[in-house]
Amino acid sequence: MSLAQVHYTSAAPGDEGTAGRFTAVGPGVSGALLAEIEPLLRHELPDGVPDHPSDGELRSLPQAFTYAALSDGSRLVSRSAPVRATGGGVGPGVRFHAHAVHLPPGVPLPGDRLPVEAWRSPHWVAVTPGGAIPDPLTLPPGPTAVSEGLDDFAVSRGPWLAAVLADLRRASEPTESGGRPVVLVERQSADVARWLGLASVTLPRESAERLTFTTYTRRPGSSAARVVGVLPEDAEAARAAGLRVHVCAGQPPSAGGTDDAWAATAARVWRSRSPELFREARELPGEPFAAGPLAVTALCAGITLGPDGRAAAAGWAADRPYALDAKRTGQLVEALTSPGIDDRTGPEFDAAGRLFGALEGRCPAAATAPLAAMLVTEAVRGGNGSLELPRRDAFVGPEGAAVAERLAPEILTELSDTAGTRSVARTVQLLRVARLLGVDGTDALPGVVDRLAPALLAEAAAEGGTDTPDFAPALLELLDEQFEVRTALLGSLDRIAPQDPGAVARFLERVTLPFTGTQALPHLRMCAEVPGAMATLGGDRAAVWHRVLRAAGLSPFAEPLVLRTAVGLVWEDRAPTVEEARLLLDAATSDSHRVAGTWARLVDAALGAPAAEPSATGTPAGPSAASTDEAAALAHDLLRGFPGEIGGRERAGLLLLDLVRELRTGAPEPGWAETVRTLCAQAEPVEPALRERAHAALVERLLAPDRPGAELYDFVHGDDTELIAAYDRTARTETVRTRLRTQPAYAADCFTVWTAHPHAGRTWPPVAAALLDEVLRPAVRAMSAEDVAEVEATVGRTGSSGRADAFRTWNRSSTLGRLGRRIAGRVRRG
């Protein structure tokens with residue numbers, strides 16, 4: 001069909017205020033379309049155009065070759081070119097003429113050509129024709145002029161090639177907005193057309209057709225095209241407009257410019273002058289702009305690619321192992337394993353490992369042997385612990401022997417090195433490669449495993465969290481592959497578990513080790529048991545301890561270290577209670593606790609026992625006699641069971657508790673107060689609860705009716721502020737007050753004591769006076785006259801007549817005080 005053509009030229013002389021006018025319009029182009037087309041055809045000349053340019057200068061001026069999409073779905077292909085003026089116009093000696101072809105919606109270009117192919121059509125005209133002219137889009141058959149010289153142009157634009165192709169690809173996407181064009185800065189607008197020619201060959205057909213463009217404009221910010229060309233003097237304005245600008249007409253960029261693997265691979269193909277590979281790559285399965293198909297095609301053609309391209313090729317082929325025939329598979333493997341490559345990366349090796357796994361068993365071993373050799377060499381020399389290693393049968397034959405001979409000394413040297421710090425992943429990888437290559441590491445294995453076991457715990461703890469450690473999958477594969485390593489490593493972990501059972505238990509929660517076989521492994525079994533025991537038994541630590549101990553399968557009498565592991569698991573960060581400590585002490589002999597070192601936990605339990613329990617009202621009710629007696633009894637047994645192990649402040653603390661027991665149940669050696677003071681000093685820093693226990697036991701005994709007078713005398717004259725304060729607190733308890741009210745003899749004894757030492761230091765006299773007035777006086781007031789008389793008589797019998805007189809005087813002053821207050825009240829009422 002014949003396409004409508006439009007001609008537009010500069011304004012004629014005298015047409016001030018207009019940029020130009022249509023001089024010819026073909027059928028079917030409406031006035032509304034002309035209003036939309038006109039801005040696309042206007043041509044603004046660059047600055048500095050001569051008034052009367054020569055023919056060469058005129059030819060060097062930029063031409064605007066444009067492909068635009070119109071609002072009604074139609075398209076426009078046009079060329080706006082400077083022409084010599086015959087008078088007036090845009091400049092004194094230059095005007096422009098635009099020749100355009102309108103493509104109705106759904107109508108393809110003649111010959112199914114791409115728009116850019118019409119760039120050099122011989123049918124574009126620079127004057128308005130007097131009659132019909134050939135359609136410039138109806139090109140002669142065969143290659144068009146746009147394809148000529150593209151290889152040379154691509155090579156000359158090598159530094160910019162990858163970055164520009166990446167942006168042209170993005171500009172061709174269906175969702176790309178035409179309001180923010182990619183700007184190509186060239187000195188010649190023809191070179192912008194060549195860039196578009198490169199895109200038309202590189203991109204899939206549907207993407208190239210979406211790429212609207214103009215090869216020259218002075219106003220890139222207002223262009224609706226996806227790609228625009230500007231001269232160098234307009235580059236800064238494009239940057240100021242926030243556009244993506246590629247200055248391809250100056251100093252090459254310092255960095256080669258994109259992380260787009262497809263674009264980088266396409267650039268390599270162009271620099272190798274092999275554009276036919278784009279068509280071959282599009283015949284392979286995959287997404288249109290996936291780097292894999294193009295990278296595979298390039299490598300098979302002998303084109304050198306970078307690590308990203310090689311990784312893309314290996315990954316693509318690994319996902320589609322049947323997509324390539326045997327010849328191209330061999331070419332790809334040869335390219336990937338070339339000995340001249342020295343820039344391989346971790347992702348590339350990972351992709352190569354996946355490719356080997358995909359090809360193994362589908363291709364002859366000879367075809368995949370280079371991949372296997374490269375992978376194990378990288379595993380040893382490159383330290384890549386994430387590689388998927390080949391199976392042992394990949395190295396049968398001379399290739400395997402050569403690799404083993406080359407790598408075996410390096411493997412054994414590194415495994416035997418005790419000075420360096422080697423990660424778990426590295427050790428696991430070396431052990432796996434050693435087995436893969438048949439390297440005999442029997443002599444080095446014990447030392448390797450003894451270093452590997454603590455490293456497992458340390459690295460897992462350093463990672464933190466509850467997720468599976470990164471090294472776990474490779475470790476489990478190693479243990480599954482090598483029985484001797486599994487046996488040695490589990491045995492080593494079992495030996496170190498008693499030192500830090502909590503760390504081992506946390507490790508086993510994250511890594512499920514295979515120790516369900518015939519190995520005893522009592523400590524590992526206990527560590528694996530404790531999470532479930534705690535979940536089902538809750539806070540009953542004694543029940544958890546029994547269950548964990550049963551999981552060991554050994555008696556603590558036969559293997560004392562199971563005691564240490566069980567105690568460390570259940571009471572990892574705290575001491576047992578006194579009741580729990582008694583359970584532990586009775587569960588094994590002192591010899592077993594001595595070997596296990598758990599006696600220290602029992603000492604902590606005794607010394608850290610609480611001194612008081614809450615009353616029914618929630619307030620402290622004073623020292624708990626039951627807990628004190630249990631802790632004191634435990635201390636007595638510990639001193640007897642571990643005389644050589646307990647020393648220093650711990651021994652002094654236990655002796656203090658033992659003294660508490662004797663003060664409450666027996667007859668301790670004389671010098672009670674001094675002994676308490678001495679032992680507290682030796683036990684510093686003494687636990688507050690322990691100090692409170694000792695003070696309470698001492699003053700309770702001193703407040704008892706049968707206390708020795710010498711002990712009381714030493715206590716009073718010792719002038720110990722803390723002890724006297726404890727005495728004061730205990731004397732004010734309800735127990736003592738009740739005894740004073742109901743036992744006249746006890747009241748008489750307290751009166752004697754609290755009045756007998758008026759000059760015993762500075763602390764005792766005011767405390768005794770306060771007790772007489774605030775504790776004894778209310779008790780005596782509450783007595784009957786007979787009981788008061790008995791108190792007076794007892795004071796006289798145990799003291800002297802003067803002491804009895806003193807009591808009468810003290811008691812009379814109290815009676816008179818009450819009488820005086822009663823009389824005063826009656827007077828006030830009268």
Q) Considering only heavy atoms from C-beta outward, does the side chain of Asp470 approach that of Glu459 to under 4.5 Å? A) no
Q.
Any carboxylate oxygen within less than 4.0 angstrom of a Lys/Arg side-chain nitrogen, looking at Glu687 and Arg649?
A. yes
Q) Atom CG of Asp714 and atom OG1 of Thr675: how far apart are they, to the nearest 0.5 Å? A) 10.0 Å
Q) Does the side chain of Val736 reach to within under 4.5 Å of the side chain of Leu740, using non-hydrogen atoms? A) yes
Q | Chi angles and distances behind the side chain to side chain contact (heavy atoms under 4.5 Å, CB included) call for Val753, Asp749 | A | CA-CA 6 Å; Val753 171; Asp749 181 66; 4.3 Å; yes
Q. With sequence neighbours left out, what residues match Ser555 under side-chain hydrogen bond (donor to acceptor under 3.5 Å, both in side chains)?
A. none
Q) Hey, are Glu529 and Arg550 close enough for a salt bridge, meaning a charged N less than 4.0 Å from a carboxylate O? A) no
Q) Is the shortest side-chain N to carboxylate O distance from Glu414 to Arg426 below 4.0 Å? A) yes
Q: For residues 729-753, pull every pair meeting ring-ring contact (aromatic ring centres under 6.0 Å, His included), keeping only residues two or more places apart or in separate chains.
A: Phe751-Phe807, Phe751-Trp810
Q.
Any donor-acceptor pair under 3.5 Å linking the side-chain atoms of Trp545 with those of Glu580?
A. no
Q) Is there side-chain contact between Asn811 and Glu792, with at least one heavy-atom pair below 4.5 Å? A) no
Q) Taking only residues at least two apart or on different chains, which pairs with a member in residues 485-528 satisfy ring-ring contact (aromatic ring centres under 6.0 Å, His included)? A) none
(Q) Please tell me whether Thr589 and Ser592 have a donor and an acceptor in their side chains that are separated by less than 3.5 angstrom. (A) yes
Q.
Taking the side chain as everything from C-beta on, heavy atoms only, tell me whether Leu584 gets closer than 4.5 Å to Arg601.
A. no
Q) Taking C-beta and beyond as the side chain, do Pro560 and His593 meet within less than 4.5 Å on heavy atoms? A) no
Q: List the steps, then state whether side chain to side chain donor-acceptor pair (under 3.5 Å) holds for Thr427 with Arg451.
A: CA-CA 10 Å; Thr427 301; Arg451 291 186 293 274; over 6 Å; no
Q: For the residue pair Arg737 and Arg732, establish whether any side-chain heavy-atom pair is separated by less than 4.5 Å.
A: yes
Q: Please examine the side chains of Ile724 and Asp728, heavy atoms only from C-beta on, and report whether any two atoms are closer than 4.5 Å.
A: no
Q | Arg661 with Asp658: basic N within carboxylate O range, under 4.0 Å | A | yes
Q.
Test side chain to side chain contact (heavy atoms under 4.5 Å, CB included) on Glu684 and Arg691; report intermediate values, then the result.
A. CA-CA 10 Å; Glu684 289 292 347; Arg691 188 189 301 274; 2.7 Å; yes
Q: Over 60° means perpendicular and under 30° means parallel, so classify the ring planes of Tyr727 and Trp764, tilted if in between.
A: perpendicular
